[in-house]
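In what follows, a single structure is set out as structure tokens and then discussed.
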Amino acid sequence: MKALIIGAAGFVGGHLINHLAADCGYEVYATKLAHETLETENASVHNLDILDKNAVSELLNEIKPDEIYHLAAQSSVRLSWDKPQLTADINIKGTINVLEAVRDSGCSPKILLVGSGEEYGYLQPDEIPVKEDTLLRAGNIYAATKACQGMLGEIYARAYGMDIIMVRAFNHIGPGQSDIFVIADFCRQTVLAELGKKEPVISVGNLAAQRDFTDVRDIVRAYSSLMKSGKSGQTYNVGSGTARSIQQMLDMILEKSSVSIEVRQDQARMRPSDVPVIAADISRIKNDTGWSPCIPLDRTIDDIMDYWREREK
Ligand code: A2R
């Protein structure tokens, strides 16, 4: 089985490469942007910018994959406020380029489009945990582009009979994530304080927001389970099913620190619009694939702290 992972130099890509190659025995092809580095023995690596549709077509014709995992994105909510055009270009136009390139290719791979739990936006208390057919009320620009990607996936599946599955992934965390994301940021700041490389103060934004956090290694297992037994044209939530406040997560991280750390609110870390509570109903993926998350949060945080201790030592 040949799998192509588009946008594999990011956080999820490395974990997905390892899972598909080592646990599933796939022949794995992975793409990255020319300026990115992706060192792996588990995949054949190609440069690809999804804004170049001809390049996507050429690569598909060369590889002829059975499965395509589309991860490439501008995936930061914070950056989407500063760079709305770039976010729309990559997340919407880029996805259309991938889908059109598949249509032109004459092959019919199964495609997984990775969207986000952020697409739901402002949820009412009685809508949580949120089911896939809930109205999308995107609360930020990143979320709006991912909602659009999901609609495009449904349209291409219906109009052209393409084998496409949409995912709404809730917050994933784990070793290797960039510290532009909140949990990686807190863990890195804590480790730097432990190492005496910064004062023992952690800068935080909105701690009241509640999110659904899942270990990235559980997330990539979900993606391959969906490729095996997810239904074409269907959208699936992938998350833990539990909402935890950023404050709770911070407390768990600080408990693991070897030094005492002061928490300081930083206005610059507040977002223009923050959705208060997000949590997934994961019955659909459980029913259709048998997947459920299995890595305890405590182990995930230990692994993230160890990742930063190793990187920053
Ligand atoms: O933005 P960069 O330089 O970090 O590169 C990202 C890459 N990417 C692209 N790849 C091909 N053509 C483009 N025009 C393009 N623009 C950006 O996609 C990055 O290496 C990768 C996405 O990885 P991350 O940002 O680390 O996302 P993550 O956490 O791996 O999530 C995978 C998917 C994304 O679609 C998220 O929006 C979704 O899961 O939650």
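Counting convention: from 1, in listed order, for ligands and their atoms alike. Nothing here was measured: the structure is a model prediction, and the numbers come from that model. Sequence positions, counted from 1, serve as the residue numbers for this chain.
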Is a side-chain donor or acceptor of Y156 paired with a backbone partner of I96 at a separation under 3.5 angstrom?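 Checked: no pair found.
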What are the two closest non-hydrogen atoms of A138 and A144, and how far apart are they? CB-N, 3.7 Å
Touching ligand 1 at all, [X]? Heavy atoms, strictly under 4.0 Å?
X    : answer
H70  : no
Y142 : yes
A8   : no
G94  : no
Q177 : no
H35  : yes

Can you confirm, on distance only, whether ligand 1 has an N/O atom lying under 3.5 Å from any N/O atom belonging to [X]?
X   : value
L71 : yes
I50 : yes
Q74 : no
A73 : yes

[X] neighbourhood, listing ligand 1 atoms whose heavy-atom distance to it stays under 4.0 Å:
X   : result
S75 : 24 (P), 25 (O), 27 (O), 36 (C), 37 (O)
D49 : 12 (N), 13 (C), 14 (N)
G7  : 18 (O), 21 (C)

In the protein, which heavy atom is nearest to [atom], and how far is it?
atom                    : result
atom 26 (O) of ligand 1 : F11 N, 2.9 Å
atom 11 (C) of ligand 1 : L48 O, 3.4 Å
atom 30 (O) of ligand 1 : V12 N, 2.8 Å
atom 15 (C) of ligand 1 : L33 CD1, 3.8 Å
atom 10 (N) of ligand 1 : A72 CB, 3.4 Å
atom 5 (O) of ligand 1  : E36 OE2, 3.0 Å
atom 38 (C) of ligand 1 : V114 CG1, 3.6 Å
atom 23 (O) of ligand 1 : G10 CA, 3.4 Å

Taking the basic N atoms (NZ, or NE/NH1/NH2) and the acidic carboxylate oxygens, is any pair closer than 4.0 Å for [X] and [Y]?
X    : Y    : answer
E127 : R137 : yes
D82  : R78  : no
R309 : D306 : yes
D23  : R221 : no

Region of I90 engaging ligand 1 - heavy atom pairs below 4.0 Å: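 The part of I90 near ligand 1 is the side chain, not the backbone.
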Quick one: look at S116 and ligand 1, take heavy-atom pairs under 4.0 Å, and tell me if it's side chain, backbone, both or neither.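 It is neither; nothing of S116 touches ligand 1.
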So CG of D298 and CD of E255: to nearest 0.5 Å the spacing works out to 8.5 Å
